[in-house]
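Note on naming: letters A, B, ... go to the chains in the order of the sequence lines (proteins, then strands), and numbering restarts at 1 for each one. Hydrogens, waters and symmetry mates play no part in the numbers below; they use all other heavy atoms, side chains included.
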Amino acid sequence: MKFIEKCIVKQNKKIVENIYMMELESSNIVTKSKPGQFIQIKVNAQNDPLLRRPISINEIKEDNRIVIYYKVVGKGTDILSKIREEDTISLVGPLGNGFDTNINNLNVAVIGGGIGIAPLYELTKDISKNNTVEAFLGFYNYTYLTDKFNKYSKEVYVSTVTGAEGYKGLVTDLFEKRLNKQKFDLIFACGPKTMLKKISDIAKKSNIKCQVSLEERMACGFGACLGCSIEMTDGSIKKVCTDGPVFWSDEVKFDE
Amino acid sequence: MKFIEKCIVKQNKKIVENIYMMELESSNIVTKSKPGQFIQIKVNAQNDPLLRRPISINEIKEDNRIVIYYKVVGKGTDILSKIREEDTISLVGPLGNGFDTNINNLNVAVIGGGIGIAPLYELTKDISKNNTVEAFLGFYNYTYLTDKFNKYSKEVYVSTVTGAEGYKGLVTDLFEKRLNKQKFDLIFACGPKTMLKKISDIAKKSNIKCQVSLEERMACGFGACLGCSIEMTDGSIKKVCTDGPVFWSDEVKFDE
Amino acid sequence: MNRKADLSLKIGKLYLDNPIMTGSGTFGFGREYEDFIDISKLGAVVVKGLTLEPRKGNKRPRIAETPSGMLNSIGLENPGVKHFIQEELPYLKKKGVKVIANIAGNTIEEYCKMAKILNKTECDAIEMNISCPNVKKGGVAFGTDKDIVYKITSEVRKCYDKTLIVKLSPNVTNIKEIAINAEKGGADSISLINTLLGMAIDINTRRPKLKNNVGGLSGPAIKPIALRMVWQVSQVVNIPIIGMGGITSLEDIIEFMLAGANAVAIGTGNFINPAITIELIEELESYLINNEINSINELVGKIRTY
Amino acid sequence: MNRKADLSLKIGKLYLDNPIMTGSGTFGFGREYEDFIDISKLGAVVVKGLTLEPRKGNKRPRIAETPSGMLNSIGLENPGVKHFIQEELPYLKKKGVKVIANIAGNTIEEYCKMAKILNKTECDAIEMNISCPNVKKGGVAFGTDKDIVYKITSEVRKCYDKTLIVKLSPNVTNIKEIAINAEKGGADSISLINTLLGMAIDINTRRPKLKNNVGGLSGPAIKPIALRMVWQVSQVVNIPIIGMGGITSLEDIIEFMLAGANAVAIGTGNFINPAITIELIEELESYLINNEINSINELVGKIRTY
Ligand SMILES: Cc1cc2nc3c(=O)[nH]c(=O)nc-3n(C[C@H](O)[C@H](O)[C@H](O)COP(=O)(O)OP(=O)(O)OC[C@H]3O[C@@H](n4cnc5c(N)ncnc54)[C@H](O)[C@@H]3O)c2cc1C
Ligand SMILES: Cc1cc2nc3c(=O)[nH]c(=O)nc-3n(C[C@H](O)[C@H](O)[C@H](O)COP(=O)(O)OP(=O)(O)OC[C@H]3O[C@@H](n4cnc5c(N)ncnc54)[C@H](O)[C@@H]3O)c2cc1C
Ligand SMILES: Cc1cc2nc3c(=O)[nH]c(=O)nc-3n(C[C@H](O)[C@H](O)[C@H](O)COP(=O)(O)O)c2cc1C
Ligand SMILES: Cc1cc2nc3c(=O)[nH]c(=O)nc-3n(C[C@H](O)[C@H](O)[C@H](O)COP(=O)(O)O)c2cc1C
Ligand code: FES
Ligand code: FES
């Protein structure tokens, strides 16, 4: 079930650099949301920018609140960052399939890069109940959310490109190092396409099942515009918004 | 001299019903402003709404502040009404010719209708120094600004269409009644076109000189687009934004 | 208030309960909107553009946002007309909604083939997309040449008994002569406008924002052009007009009707508010009642031009 | 940073210091912007459209706002070409800025007459407006027929020695063939796009928002269409292109240049930010320097299409 819902902004604040956290009060969307799903946000009431902006659900809180993390990269996210507490914005959601969390007693690696770390948090919270989770979080310079991951993960490995915190380098390297010592049954990954491709390669080589969350330019977010269609390895066409955004990594063509 | 200036919103609050007052901190525009001039406001940073909105200067304050009064009638003024204190908005101004305030020892009638009352306040303040001013303020139901006019006018006559306050009826009737008892040398008027036409007729009949402030659809506000051109009684073409918005009433064709 | 307003209308042989339809390619096959609205309340559902064979469409990126508009180069991704008839049409008909099949072909023969196939189904009408700018053959060429418009309309007319709508491309010098020829060719109705051909460039990669280089512009940005064309066409044809292009509000709908549209379609607006069609039907009804307008006929073409 | 970038270019016989010009009809005769900018820094000033005789223009309302755009039906209000030469040109030339006269006529003869008159003045170039949609005669008709475009260009060419720019109307099916014929006719340069014909209706009065019923759509809304047309034209002509339509940012300018525009003009954008032209010249220079681009020629037409 998907909803169009006007939600009250309960918090909207800068976390680090250009990354913001927003907490929204929802009565419908929140009830149906799952880890890995996303919402479509209309950032203002005008025609410019016209389209909603897709943002992943970071956390589903008990008090009917949805938390999102977003990076200011352009016009839409800039407007979003200026919305004040108690303002109302329109959401459509929950959208997409979400991660497959129907798993038990597995050794799971959760790997995120940049803003792609955000959607993995609710997932980690969820699967940590019945599985062992190690989180690999890659940042450029400033880290965020690592504390929260700590709570639900056996281990949290942090990398930064600049070396400001944790391992200096890419999170994929960090993960490969860990793979030498630890066996994983399943990978969940979200982040830049190059990172996902790398992880997908590693997963294949190491014979680990792997789910990746993709991004695509979207107009609707609920399957109507066909703007987000991608061709899969088997030649079929899938919609990132409804068939995804989470796919098994071996289904995804990374070199289009 | 005209300026493009980013101004800080110091106050923005509802006065009555759909009429708002905004106080802006300006360092350039304020220094050159005269009664009857206006500013062009960009209400947001997006392309929709595209054009600036022309709003008259209500008061030029000592502390580098410009006060405006505006009525929420559509998209642009609605957005304006939601701007918060300490936000910054872009103004272009001061624009237009303003009222001819180079007068002395005259009996002046200042006649305003609806939101057209707002621009007459700075005028009244200004000319009251060397002239005797009687103000005629017409409202629909809720009155505003009457107290401030009191300070600078010998008399303030108020009318409301609903009879909620003052004379029940039109301000033009109220003025005509007063005309039976009092002679005026000069009229300044601002308000709906029908009101201005009526006043212009009265002025003609009674042989009183009369200045009216007109409104016209504007794209630029400073003479470049020719969107606001009107044909005058002598057949010449004038721009409301630069040749006006204030004209001698006998120059204006009201029945176009 | 117990008053009622008559929103119904007839387009060719087709009766519609209200004049609000969906823009082809923006409403899928209706299912996508199930969670948001009761699609059976729509005047009609115009489905995604169909071709004889299934098509994978163009490569991504297919979407780019522009000021108050968007560009798309979907390239007619669709499961083909047969799949539509077998898998999608029954669902829609079970809902009880009027269904209009939007069809696109590479040749006149293809259009006729599809029309013949659809003629034997429950599908209520055909909207001939002779204007889609994304497909190299059969796209722009058909819809921008008045003689071809006449030819293709009259050929399809021969193979199709039900309501035939011809959807016009706005990328033309003279929309009137195109509309006239569609009417002459036997169209029951004209719908317009399809998207305007546009482009956007990513200055960092120096590549077009769409893999197809160019795409179709839709949304509020194009409304003034759409409205002008509806008005122009309404002056030269006698068949009903379905107006579209940037509609997102009741006011937009009234504008189109005043300009001469008997019905309207909402396209891009659905993406932003997936419940917009139903909301607008309700708003339109209230508008008529509140303004004591008995029927939409009292609006259509009632612009008072200068 | 002591580096410099070369912003200069040549259009016909005309050298410009930078590629930023003004859109005719949006910059008056330059004076209107005096308080805001130093107009002598502009690449060129294209003045308000001139006619042989003074014109009062259309009745008001002449302006309507639309989503990310505006409609105008000014109707070529102007003091006539002679007044321009006597009263406005000297002022502009004293400022030291390149001046381009935009001219519109009801007949080919009128165009030629104006060209002859201007040929003997300090005015640097002519931009032939064969596309203004507001004037019944001489408006749309000229610019939408490729044969007339060839004829009018070659006739004016005969009477004019300096730089001749032909400004194209976007309200056509095939912008390429029009551009080709302007080039064949002897144009030194092509500018595009003029406004798109549009309409808006006041639903309360049921009247068009413009007294002229229809008007020209400009502003960011039309940018995707303008960009597409510039790109199409750049593929078929060898003369410089002046691109315009909805430019309000550096990014827009780069997009137009990548698509093939040698220079650009800012129209509607001036109304919203009267200092935009000068700001964009500075931003363009910084962009080139920061990206180690030596000259704008390294941008023009450098789109990497798929
Ligand atoms: C399913 C999904 C989930 C997402 N979750 C998050 C999230 O949790 N947090 C977050 O910060 N971002 C997320 N994004 C990306 C986010 O949607 C874009 O960053 C945002 O739409 C940019 O809008 P803008 O107006 O600020 O930028 P624009 O001005 O539109 O564009 C700036 C740049 O942003 C990128 N961009 C624009 N639109 C998209 C898009 N739809 N998808 C990907 N990149 C885009 C482009 O590279 C563009 O150059 C998600 C995207 C998708 C598809
Ligand atoms: C010189 C001048 C001074 C003005 N001073 C004031 C003032 O001090 N306070 C105030 O409240 N208003 C003033 N106005 C009117 C004000 O500019 C409009 O009400 C405003 O632009 C409407 O913008 P909107 O987006 O809210 O409405 P829109 O959605 O654009 O339109 C809503 C309605 O407002 C009216 N309108 C729109 N634009 C204009 C315009 N440029 N001029 C007149 N009416 C318009 C139309 O009737 C329209 O139907 C002035 C107008 C001018 C030309
Ligand atoms: C994503 C998308 C896909 C479209 N696909 C089709 C199509 O398959 N067939 C068609 O005739 N029109 C198609 N159109 C055009 C719309 O039906 C409509 O004519 C156009 O978008 C203008 O209306 P709008 O501004 O309300 O969207 C499509 C439009 C969009 C935005
Ligand atoms: C108010 C207005 C008046 C215009 N007058 C003219 C004109 O006289 N001659 C002309 O060739 N173009 C005229 N134009 C068109 C512009 O020069 C330009 O081609 C068009 O507006 C697109 O650019 P823009 O979107 O940057 O405004 C006018 C445009 C506007 C908005
Ligand atoms: S975003 Fe519209 S179908 Fe996926
Ligand atoms: S508003 Fe542009 S000239 Fe007056």
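- The part of C:L71 that comes within reach of chain D is its side chain, from C-beta onward, which places non-hydrogen atoms under 4.5 angstrom from that chain.
- Using a 4.5 Å heavy-atom threshold, the side chains of D:I225 and C:L217 count as touching.
- D:R206 places no side-chain N or O within donor-acceptor distance of the main-chain N or O of C:R304, the cut-off being under 3.5 Å.
- In this structure, CG in C:N171 is found 11.0 Å from CG in D:N171, a value given to the nearest 0.5 Å.
- For chain C, the option among D:P170, D:A200, D:A226 with the highest count of heavy-atom pairs below 4.5 Å is D:A200.
- No part of D:A64 comes within reach of chain C, as not one of its non-hydrogen atoms sits under 4.5 angstrom from that chain.
- Between C:Y287 and D:I203, some side-chain heavy-atom pair lies under the 4.5 Å cut-off.
- In this structure, chain D has a heavy atom under 4.5 Å from the backbone of C:L210, while its side chain stays farther away.
- In terms of heavy-atom pairs under 4.5 angstrom with chain D, the leader among C:N174, C:V172, C:L299 is C:V172.
- Side-chain polar atoms of D:T173 and C:T144 form no donor-acceptor pair below 3.5 angstrom.
- The backbone N or O of D:T305 lies less than 3.5 Å from no partner atom in the side chain of C:N213, so there is not a single donor-acceptor pair.
- For the residue pair C:I201 and D:E255, the shortest heavy atom distance occurs at N-OE1, 2.7 Å.
- Summarising the geometry of C:W231 relative to D:M199, their closest heavy-atom pair is CD2-CE, 3.5 Å, with the distance given to 0.1 Å.
- Nearest approach of D:P208 to C:I303, heavy atoms of both residues: CG-CD1, 3.8 Å.
- Counting all heavy atoms, side chain and backbone alike, D:P67 lies closest to C:S68 at C-OG, 3.6 Å.
- One finds the CG atom of D:D202 at 12.0 Å from the CD1 atom of C:I254 (value rounded to the nearest 0.5 Å).
- When the heavy atoms of residues 261-271 of chain C are compared with those of chain D, none of the residues falls under 4.5 Å.
- Once rounded to the nearest 0.5 Å, the distance linking CG of C:N291 with CG of D:N204 reads 8.0 Å.
- Shown here for C:R228 and D:V214, the closest heavy-atom pair between the two residues is CG-CG1, 3.9 Å.
- Contacts with chain D were tallied for C:T248, C:T205, C:V230, C:L258; C:L258 has the most, counting heavy-atom pairs under 4.5 Å.
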